Each structure stands twice: as C-alpha cells, then as structure tokens.
Amino acid sequence: MAMNHLRSLKGIVNVKEAIGIVGRRTFSAGGSKAKKGSKGGAAGDAAKASTLSKEVKSTTVVGANILKDGADPKVLPDSEYPDWLCHLIDKKPPLSELRRKNVETLPYEDLKRFVKLDNRARIKENNSIKAKN
C-alpha cells in the first residue's frame with residue numbers, strides 16, 4: 001500500500017514538472033535590444049551627469065528643479081536653513097538597542113520610538129503565530 005502511494009506521488013510530481021515546462025512563456029530573441037534613441041536610457045543620463053563640473057555640483061542642488069522654466073536652487077550657508085533640518089540625517093537607534101537601555105532614563109523621542117517599534121514587533125509576532133494555526 002505504501003509503494004502505491006509513493007508511485008502516485010511520483011506521478012504527480014512528474015505531471016507538475018511537465019506542466020511547468022510546457023506552460024512556460026517564451027520570448028523572441030530579437031526583443032532584447034533597445035531601440036536607438038529610446039526613452040529611459042540609463043547610459044544617456046550617466047553621460048549628462050558626468051559632464052557637470054565640480055564647481056557647479058558644489059554650488060547648486062542638481063536635479064532639485066521641478067519647474068519647466070526654473071533653474072536648480074543654489075546651496076545656501078548652514079545658517080540659512082532651519083535647525084531641525086540637520087537632525088533628519090541623524091541615525092535613530094534600533095529596537096534591540098532601545099531594549100538594552102533603561103526605559104525610565106530614555107528621552108521622550110527615544111521612548112516614543114521604542115513604544116512604536118515594540119508594538120510593531122508584537123503585532124508581527126502575533127500575526128505569525130495566528131498564521132501558523
């Protein structure tokens with residue numbers, strides 16, 4: 001009885017493999033080359049970016065213009081920007097590091113981040129447990 005069961009499983013596996021081979025979609029070989037002058041060419045963009053001088057790159061924010069007739073904005077001194085802007089690039093501690101610290105001594109922003117990340121981790125864990133059942 002066990003041998004018949006194994007043979008039927010082997011037959012199912014072979015049928016699935018055959019369907020996978022026959023059911024694959026094939027493409028023509030000529031479609032792999034892009035047409036000359038097509039939009040979205042990455043090589044053309046790289047050539048334009050490399051032609052900008054270092055002086056222009058250091059005085060303007062290249063690519064920040066969103067207007068059709070506008071120009072890229074100039075880089076201002078640090079005193080012209082708000083204080084909070086510099087803090088956007090600060091690295092925030094991960095959940096594992098926040099768990100190692102004493103919760104009562106954490107600053108408000110870190111405590112808020114800890115609660116958010118801890119809740120997210122608990123939700124993910126509960127969802128994975130429910131998915132297994």
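Quick caveat: nothing in here was measured; it's all calculated off a predicted structure.
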Within 6.0 Å of [atom1] in [X], more than 12 heavy atoms from elsewhere:
X: D69; atom1: CG; value: no
X: D78; atom1: CG; value: no
X: I89; atom1: CD1; value: no
X: N126; atom1: CG; value: yes

Minimum heavy-atom distance between [X] and [Y], given as atom pair plus value:
X: D110; Y: L106; value: CB-CD2, 4.1 Å
X: A121; Y: L95; value: CB-CD2, 4.0 Å
X: V103; Y: L111; value: CG1-CD1, 3.5 Å
X: L117; Y: P93; value: CD1-O, 4.4 Å

- Query: Members other than L67 in its cluster, when Ile, Leu, Val, Met, Phe, Trp, Tyr link by side-chain heavy atoms under 4.5 Å?
  - Reply: I66
- Task: Would you check if the side chain of Y81 reaches a backbone N or O of L76 as a donor-acceptor pair within less than 3.5 Å?
- Result: yes
- Please answer whether the main-chain N or O of V62 pairs with a side-chain N or O of D72 as donor and acceptor at a distance below 3.5 Å. no
- Should T60 and P73 count as side-chain neighbours, where that means a heavy-atom distance under 4.5 Å? no
- Query: D118: what forms a salt bridge (Lys or Arg N to Asp or Glu O under 4.0 Å) with it, not counting sequence neighbours?
  - Reply: R99, R122
- Task: Please determine if E109 and R113 form a salt bridge, counting it only when a charged side-chain N lies under 4.0 Å from a carboxylate O.
- Result: no
